[in-house]
Amino acid sequence: MADRTIYQQLRDFADHLNPEPPLSPHIEISQGQILIMMSPSGTHDLVAAVITKQLNRQLPDDLVSYTTDIEHLQVGALRRPDVLVIAAEDMDTPDAIDATAIRLAVEIVAPSHPRNDYVGKLHDYPAMGVPHYVIVDPRDGTALHYWGIENDAYSNCGKYHFGEEIPVAEWIIDTGELPLYSKGNER
């Protein structure tokens with residue numbers, strides 16, 4: 001059975017799933033697996049909101065920053081970045097957005113599943129053609145910016161600590177505005 005056929009079967013099955021809290025209603029598909037995530041913590045959502053606000057202040061009128069599902073049929077992946085930048089004209093799809101339209105994907109590491117951001121999405125995003133990928137980790141106050149796709153992998157990586165600015169394309173993410181997870185309030 002072809003990979004695309006397997007992906008479509010997983011996609012059809014995932015469309016019928018309705019996870020109960022504390023699982024998130026957002027389901028991802030990667031490397032032949034359905035992934036059901038835990039709902040993020042308040043700090044996780046706050047970090048995503050701060051980054052979204054920062055980016056929206058810098059984006060031209062034809063680009064927007066928000067979150068939704070992104071999909072790449074040839075890669076067989078369905079992902080939901082915490083923050084993404086996309087052309088406003090590409091937002092008119094009823095379901096998932098074609099990943100090739102994404103300019104930037106940002107993931108906020110959740111302590112319950114960091115491997116998904118550091119390994120799974122680091123594998124999928126360059127294969128999906130996402131030109132910039134930023135991982136923000138409120139567990140230890142670090143961030144990584146990946147860019148430059150060669151052979152379906154990122155060829156460049158910059159490491160940052162909270163308090164530093166991350167230059168991404170023509171935008172800046174100011175990590176000095178981002179909170180850390182507090183002890184005992186992590187998910």
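It should be emphasised that the depicted structure is a prediction, and the values quoted were computed from it without experimental measurement.
Within a 6.0 Å sphere centred on CG of D140, heavy atoms belonging to other residues, nucleotides or ligands number more than 12. Dense packing is recorded around CZ of R57, with more than 12 heavy atoms of other residues, nucleotides or ligands lying under 6.0 Å away.
Both F162 and Y181 belong to a single network of hydrophobic side chains, linked directly or stepwise wherever heavy atoms of I, L, V, M, F, W or Y lie under 4.5 Å apart. Each of I149 and W147 belongs to its own hydrophobic cluster when Ile, Leu, Val, Met, Phe, Trp and Tyr are linked at side-chain heavy-atom distances under 4.5 angstrom.
When atom types are taken as modelled, the side chain of E164 and the backbone of G176 share no donor-acceptor pair closer than 3.5 angstrom. Proximity of a side-chain donor or acceptor of T175 to a complementary backbone N or O of H161 within less than 3.5 Å is detected. Checking side-chain atoms of Q58 against main-chain N and O of I172 turns up a donor-acceptor pair under 3.5 Å. In this structure, the side chain of S155 engages the main chain of G148 through a donor-acceptor pair within 3.5 Å.
Remark: T68 OG1 to R80 CZ distance equals 5.0 Å, nearest 0.5 Å. A distance of 7.0 Å separates CD1 of I51 from CD1 of I166, quoted to the nearest 0.5 Å. Summarising the geometry, atom CD1 belonging to I173 is positioned 7.0 Å from atom CD belonging to Q54; distances are rounded to the nearest 0.5 Å. Between R79 atom CZ and M128 atom CE the span is 8.0 Å, to the nearest 0.5 Å.
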Legend entry - Stepwise side chain to side chain contact (heavy atoms under 4.5 Å, CB included) check, H132 with Y146: CA-CA 6 Å; H132 293 273; Y146 293 94; over 6 Å; no

Inset, instruction - Tell me, with the steps shown, if L84 and I70 meet side chain to side chain contact (heavy atoms under 4.5 Å, CB included). - result: CA-CA 9 Å; L84 58 84; I70 63 172; 3.7 Å; yes

Inset, instruction - Starting from the C-alpha separation in whole Å, work towards a yes-or-no answer on side chain to side chain contact (heavy atoms under 4.5 Å, CB included) for T67 and D82. - result: CA-CA 6 Å; T67 189; D82 294 313; 5.6 Å; no

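No side-chain N or O of Y66 forms a donor-acceptor pair with one of N56 less than 3.5 Å apart. Between the side chains of E107 and Y125, at least one donor N or O sits under 3.5 Å from an acceptor N or O.
Results of the side-chain contact (heavy atoms from CB on, under 4.5 Å) test with H72 over V130, L78, T100 single out T100 as the only residue that passes. The side-chain contact (heavy atoms from CB on, under 4.5 Å) with I108 is formed by just one residue from the set D45, I135, V47, T43; it is V47.
Side-chain contact between Y160 and P167 is present, with at least one heavy-atom pair separated by less than 4.5 Å.
Here the shortest heavy-atom pairing between P179 and P138 reads O-CB, 3.7 Å. Closest heavy-atom contact between P131 and Y154: O-CE2, 3.9 Å.
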